[in-house]
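Worksheet for the structure shown next.
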Amino acid sequence: MSAPHVPSRAPAAAVLPERGPEPVKITLSVNGDEHTFDAEPRVSLLDALRERLSMTGAKKGCDQGTCGACTVWVDGRRVLACLTLAIACEGHEVTTIEGLAQGDELHAVQSAFIEQDAFQCGYCTPGQIMSAVALLKEGHDGDDAEIAEWMSGNICRCAAYPHIRAAIRTVRDRSRDPSHGQT
Amino acid sequence: MRPISYSRADAVADAVAAVAADPTSDFLAGGTTEVDLLRQNVLLPRRLVDINDLPLAQIEDRPDGGLYIGALARMSEVAEAPSVRERFPMVAEALELGASAQLRHMASMGGNMMQRVRCGYFRDAASPCNKRDPGSGCAALDGFNRGHAVLGVGEHCIATHPSDVAVPLMALDARIHTEGPHGRRVYAIDDFFLLPGATPHLEHPLEHGELVVGIEVPGTPMARTSRYLKVRDRESYEFALASVAAAVTLHDGVIADVRLALGGVATKPWRARHAEDVLRGAPAGTGTFRRAAGAEFASARTTPLNAFKVELAQRTMVRILETLTGTGTPSGTETDAAPDTDTHTDPGREGQP
């Protein structure tokens, strides 16, 4: 331990309010709607979505942050719901696969997945799609190698990877060609 | 996961005071390691203090051409910052070669410095582990240790330090800023990571309640052409078997200055000082690079399963130095201009180890 040692500012901090460990009221904004439910602070965002809010789109694959099946967005950024505590998402906007379509009209990436046959068993698909839409927004869609690298956090046991990349390319190319009119 | 309580702090002083006053409280940032280890009952805090709302997400230029990176800047934000990409490309490369896009959006830079090892025995609460349960022994010594360290190891722990970005930060002599119950401290990064020695459960010189608030990267002109080379079992989303962060300046074909650090092979992010000593003042070329790499690994201690890392890491060092200096190329020019890593290609070297 080297380096300067600045004297303490002697923080007279207030005691932080503590919630839990018993169930507490948690309010989340999911797909633009506010939901309030009771859950312990240890409950993950994934379990809160699936078990408390009956939004079963995000899937529980590994529950340890390696498979990507639980990918959702928090404040517009793709994250893993299994390694996120629900209570830590209060005050932030959560978006799940259920929030992607506009009414009955599928998101362009959802349509492209169907069109390109980009899944077999379908279990990883909600995570793949949430990741793919974010990848397109992030601009990591230059070529197949770049798409593969920036989709590497989403594992597909059926190995539908070539078709997943094709679906992403389809949406990328349509968004570059205004005559197709959909993005 | 055991039951936990939760508090959220919006001021650094509040967070520090809350954790410092309670041995059973810990900070929570991105959570990518911590929540995983909570679920496996490897970490057992009573309460988490969520620090994600603290104003520590800045990425600021320093007058010396360096940077100050707030502890809550996310890996993805740092990787895409123009100042990082232009002045410290090896930092951006190390970040983008680590984890996955989702994890990089979550994981904070401070949390990256504090992340725990990936040793399977550390993460398995049923195995002996001196890091998790001091004095219980080390199951990795005679266990499945293919991924374990060969440098900085001892009788008590051989777990590899998992961070990518800490490797270029080590090469850059970064400084870790903390705020704790006894005020603000600044650590040289080499002092911030402890060798396991007889106390592998002590990984940092921090006291309980001391919070990483930022990382200072000194201005380093030679880092503008730096690179990070990572070798692993699969192409993406995997920890390093061996990785090297390097920056080199040449003068008339002689190495004027060099920074070299290693990942994937040591119990802490490893500054390759022995190799640097061989390289400084020596003519750039494969022979010199091999001698330097050999000097660094002279003290390596291996197991039958991880012995391959010694040769692999040396080849990785030679490869990145050849790339940075443009040596071994058909044109073979070694100039005192800034080395351009992109214009030198050598098809003849591709198949070589």
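Within every chain, numbering begins at 1; the chains are lettered A, B, ... in the order of the sequence lines, protein sequences first and strands thereafter. All heavy atoms count here, side chains included; hydrogens, waters and symmetry mates do not.
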**OP:** Please look at A:L135 and chain B and tell me whether the side chain, the backbone, both or neither of the residue comes under 4.5 angstrom of a heavy atom of that chain.
**Re:** neither
Original post:
Taking all atoms of both residues into account, what is the closest heavy-atom pair of A:P21 and B:P3, and its distance?
Top reply: CB-CB, 3.7 Å
Subject >> Donor-acceptor contact present, side-chain A:R42 to main-chain B:M1, <3.5 Å >> reply: yes
**OP:** Report the distance from atom CZ of A:R78 to atom OG of B:S76, rounding to the nearest 0.5 Å.
**Re:** 9.5 Å
Original post:
Is the backbone N or O of A:I87 less than 3.5 Å from a side-chain atom of B:R8, with the two atoms forming a donor-acceptor pair by type?
Top reply: yes
Original post:
Can you list the steps and then say if B:R234 with A:S152 is a side-chain contact (heavy atoms from CB on, under 4.5 Å)?
Top reply: CA-CA 11 Å; B:R234 56 182 180 191; A:S152 71; over 6 Å; no
Original post:
How many angstroms lie between CG in B:D50 and CG in A:L85, if you round to the nearest 0.5 Å?
Top reply: 8.0 Å
Subject >> Interface moiety of B:T33 toward chain A, non-hydrogen atoms closer than 4.5 Å >> reply: neither
Original post:
What part of B:E96 gets closer than 4.5 Å to chain A, counting heavy atoms only: side chain, backbone, both or neither?
Top reply: both
Original post:
Where does A:S131 contact chain B at under 4.5 Å (heavy atoms): side chain, backbone, both or neither?
Top reply: side chain
Subject >> B:D36 portion near chain A, given a 4.5 angstrom heavy-atom threshold >> reply: both
Original post:
Is the count of non-hydrogen atoms from other residues, nucleotides or ligands lying under 6.0 Å from A:R157 atom CZ greater than 12?
Top reply: no
Subject >> Minimal non-hydrogen separation, B:A9 against A:L16, with atom names >> reply: CB-CD1, 3.8 Å
Original post:
Can you name the side chain to side chain donor-acceptor pair (under 3.5 Å) partners of B:D26, sequence neighbours left out?
Top reply: none
**OP:** Select one option (side chain, backbone, both, neither) describing which atoms of A:E138 are under 4.5 Å from chain B's heavy atoms.
**Re:** side chain
Subject >> A:Q102 atom CD: more than 12 heavy-atom contacts under 6.0 Å >> reply: no
**OP:** Under 4.5 Å heavy-atom distance to chain A, tell me which part of B:D53 shows up: side chain, backbone, both or neither.
**Re:** side chain
Subject >> Considering all heavy atoms, the nearest A:D63-B:R39 contact >> reply: O-NH1, 2.8 Å
**OP:** Could you check B:T32 against A:L80 for side-chain contact (heavy atoms from CB on, under 4.5 Å), going step by step and ending with a plain yes or no?
**Re:** CA-CA 9 Å; B:T32 55; A:L80 301 177; over 6 Å; no
Original post:
Would the number of heavy atoms belonging to other residues, nucleotides or ligands and lying under 6.0 Å from CG of B:D10 be above 12?
Top reply: no
Subject >> Interface moiety of B:R2 toward chain A, non-hydrogen atoms closer than 4.5 Å >> reply: backbone
Subject >> Candidates B:H105, B:M106, B:Q102 - the one meeting side chain to side chain contact (heavy atoms under 4.5 Å, CB included) with A:R77 >> reply: B:H105
Subject >> Between NE2 on residue A:H92 and CG on residue B:N52, distance to nearest 0.5 Å >> reply: 7.0 Å
Original post:
Given a strict heavy-atom distance threshold of 4.5 Å, which part of B:L48 is in contact with chain A: side chain, backbone, both, or neither?
Top reply: side chain
Subject >> Which portion of B:L28 sits near chain A, non-hydrogen atoms under 4.5 angstrom >> reply: side chain
Subject >> Pick from A:T84, A:V74, A:V24, A:T66 with the largest number of heavy-atom pairs that fall under 4.5 Å of chain B >> reply: A:T66
**OP:** Give the member of B:E34, B:Q40, B:R74 that has the highest number of heavy-atom pairs under 4.5 Å with chain A.
**Re:** B:R74
**OP:** Taking all non-hydrogen atoms of both residues into account, name the closest pair between A:P41 and B:Y6 and its distance.
**Re:** CB-CB, 3.7 Å
